[in-house]
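Read the structure below first, then the notes.
Residue indices begin at 1 and follow the sequence shown. Values in this document were obtained by computation on a predicted structure and should not be read as measured data.
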Amino acid sequence: MSTESKESNSPAFLPADILLPQNCNMTKWAVIACDQYTSQPEYWQRVENYVGESPSTLRMILPESCLDGPNVETDILSINETMGRYLHEERFRTLSDSFIYVERQFKRGVTRRGIIGKIDLEQYDYEPGSDAKVRASENTVLSRIPPRVAVRKNAPLELPHILLLIDDPDMTVIAPLAQEKKEMEQVYDFALMENGGDLCGWKVSGAQAERVQKALSALADPAAFQARYGVTDKPVLQFVVGDGNHSLATAKECYERQKRTTPADQWASLPSRYALVEVTNLHDESLEFEPIHRLVSGLVDPETMLSALLYYFKGAAKGGSKGHMLRYVHLGGTATIAVPEPTAQLEVGTLQAFLEYYTTTHGGKIDYIHGEDTLRELIQQPGTVGFILPTIAKNQHIQTVIQNGVHP
């Protein structure tokens, strides 16, 4: 019997030893995830100017906008040195074996609620078709993992930005903690930089943690799971990755590498077996599903690529009305190409298959863009094409992963 099958009945989400920075400016300490603003280096320059010489996670991450720079190896060495120095300086205090209840208040007036703890990587798998308790919700781009492994493999600290989703329409897991904040120790309360809103955290008590685990177990009950999704032959899916898919995949890869050189009876004691995550309810009022658009840059002629798209799909036509509608925009204008007989379930799957084929055979770079306004700004550069994708309905999200595997 494999270690994974032995662990299948164990909790996948557990309390963790969580390091909290102390004696520093928390607004300068917290920065956005490394895979954001990859096509907008001016954002990272503003953050650099703001942070200055202050202690910050900016010194412990490698923004992906810098991955093509000339000093990547030196940057990684500097990251590891900074982590070691912060530990030596006792920059952190430790919350041992703890959950943290968090509230992020957005400028648009809503609050996202979650619980921070660790996920057992033995119960996570990002491969399409996986039957693990914890699964990716989108296709993992394998080429994005090695650069992250290079940063993580020798790092003494973990700085994750991983958001896991649970399907809890009755609000049984997280919502009760919101009513009990006065009984909890508040461990931070500060404003995020760049108009990111405000972030508060409270240490979850032992009794509260037990209740969280019982509620999670109830959601993962096989009979309840089958009734909720109308399935009879599907294994329980307890958590799907809502954000940070490649960070969690990187953690898994680093753990698997250590397993190869560690006796199996010692795997449970490997720190790399676990990754810090935030669990959020799919039904949280703040959670709005937005598409991730595509930007293709480095093209000599956008019209050549669009002609190839028409040729790639049988019966595809500009301005058609049947099948998947692929909306694109570039300096020459905006239009829609209809793919009448798509093999993928979603428009993003249809588009992604072509983009990967085209950039492999003709060159160019695919980037993943949040926000249509940002996409329209970026296509002002010559030789770029943007594709505007539709939003997936919230109630389709986990059901689609269960029935059809990961989204593209």
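Closest of all the heavy-atom pairs between Phe99 and Gly117 is CD2-CA, 3.9 Å. Residue Tyr229 comes nearest to Ile398 through the heavy atom pair OH-CG2, 3.6 Å, listed as atom of the first residue, atom of the second, then distance. In terms of heavy-atom proximity, Ile145 sits nearest to Tyr126 at CD1-OH, 4.0 Å. Met60 and Leu157 get closest at one heavy-atom pair: SD-CD1, 4.0 Å. The two residues Leu219 and Ile166 make their nearest non-hydrogen contact at CD1-CD1, 4.3 Å. Nearest heavy atom pair, residue Val173 against residue Asp168, reads N-OD2, 2.9 Å.
Between Tyr255 and Tyr274, the ring center distance fails the sub-6.0 Å criterion. Between Tyr86 and Trp29, the distance from one ring center to the other falls under 6.0 angstrom.
Here the side chains of Asn49 and Gln45 are in contact, with some heavy-atom distance below 4.5 Å. Proximity of Ile337 to Met325: side-chain heavy atoms (C-beta onward) are nowhere separated by under 4.5 Å. Looking at Met305 and Pro302, their side chains never come closer than 4.5 Å, going by heavy atoms from C-beta outward. Counting only heavy atoms from C-beta outward, the side chains of Ile115 and Ile100 never approach each other to under 4.5 Å.
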Tyr124/Arg135 under side chain to side chain contact (heavy atoms under 4.5 Å, CB included): CA gap, chis, key distance, verdict: CA-CA 6 Å; Tyr124 157 70; Arg135 303 176 209 168; 6.0 Å; no

Side chain to side chain contact (heavy atoms under 4.5 Å, CB included) evaluation trace for Ile61 with Ile79: CA-CA 7 Å; Ile61 67 169; Ile79 286 169; 5.6 Å; no

Pair Asp167-His283, side-chain hydrogen bond (donor to acceptor under 3.5 Å, both in side chains): steps then yes or no: CA-CA 7 Å; Asp167 188 0; His283 302 278; 2.6 Å; yes

Test log, rule side-chain hydrogen bond (donor to acceptor under 3.5 Å, both in side chains), inputs Asp301 and Thr304: CA-CA 5 Å; Asp301 178 23; Thr304 299; 2.8 Å; yes

Verdict with reasoning, Val51 to Met193, per side chain to side chain contact (heavy atoms under 4.5 Å, CB included): CA-CA 10 Å; Val51 168; Met193 66 172 69; 4.1 Å; yes

Evaluation steps, side chain to side chain contact (heavy atoms under 4.5 Å, CB included), between Val240 and Leu164: CA-CA 6 Å; Val240 296; Leu164 299 186; over 6 Å; no

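Residue pairs that meet the side chain to side chain donor-acceptor pair (under 3.5 Å) test with at least one member in residues 314-323, sequence neighbours left out, are Lys318-Tyr328. Counting only residues at least two apart or on different chains, the salt bridge (Lys or Arg N to Asp or Glu O under 4.0 Å) pairs with a member in residues 150-161 are Arg152-Glu158.
The main-chain N or O of Trp267 is never found under 3.5 Å from a side-chain atom of Ser269 such that the two would form a donor-acceptor pair. No side-chain donor-acceptor contact under 3.5 Å links Gln105 to the backbone of Ala191. Using a distance-only test at 3.5 Å, with no hydrogens or angles considered, no donor-acceptor pair links the side chain of Thr38 to the main chain of Asp35. Between the side chain of Lys252 and the backbone N or O of Leu121 there is at least one donor-acceptor pair closer than 3.5 Å. Under a 3.5 Å cut-off, the side chain of Ser130 and the backbone N or O of Glu127 do not form any donor-acceptor pair. With hydrogens and angles disregarded, a donor-acceptor distance shorter than 3.5 Å links the side chain of Arg108 to the backbone of Ser286. Distance alone, capped at 3.5 Å, places no donor-acceptor pair between the Thr250 side chain and the Arg148 backbone. At least one donor-acceptor pair closer than 3.5 Å links the side chain of Gln208 to the backbone N or O of Ser205. Judged by distance alone, the side chain of Asn25 and the main-chain N or O of Lys28 form a donor-acceptor pair under 3.5 Å. Side-chain N or O atoms of Glu278 include none that pairs as donor or acceptor with a backbone N or O of Val102 at under 3.5 Å.
Atom NE2 of His324 is separated from atom CG of Leu351 by 11.0 Å, given to the nearest 0.5 angstrom. With rounding to the nearest 0.5 angstrom, the OG atom of Ser137 is 10.0 Å from the CG atom of Leu282. A distance of 5.0 Å separates CD of Glu64 from SG of Cys34, quoted to the nearest 0.5 Å.
Within a 6.0 Å radius of CD in Glu90, other residues, nucleotides and ligands contribute 12 heavy atoms or fewer. Other residues, nucleotides and ligands contribute at most 12 non-hydrogen atoms within 6.0 Å of the CD atom of Glu73. Within 6.0 Å of the CD atom in Glu53, the count of heavy atoms belonging to other residues, nucleotides or ligands does not exceed 12.
By the side chain to side chain donor-acceptor pair (under 3.5 Å) test, Gln238 pairs with no residue at all, sequence neighbours left out.
With Tyr358 as reference, Leu299 is the one residue of Val296, Leu299, Ile366 to meet the side chain to side chain contact (heavy atoms under 4.5 Å, CB included) rule.
The aromatic rings of Tyr357 and Phe354 lie tilted to each other, with the angle between the two planes from 30° to 60°.
Look at Glu256 and Arg273 and you find no salt bridge, because none of the NZ, NE, NH1 or NH2 atoms lies under 4.0 Å from a carboxylate O. Ion pairing of Lys214 with Glu210 is absent here, as no side-chain N (NZ or NE/NH1/NH2) approaches a carboxylate O to less than 4.0 Å. Using a 4.0 Å cut-off between charged side-chain N and carboxylate O, Arg376 and Glu372 make a salt bridge.
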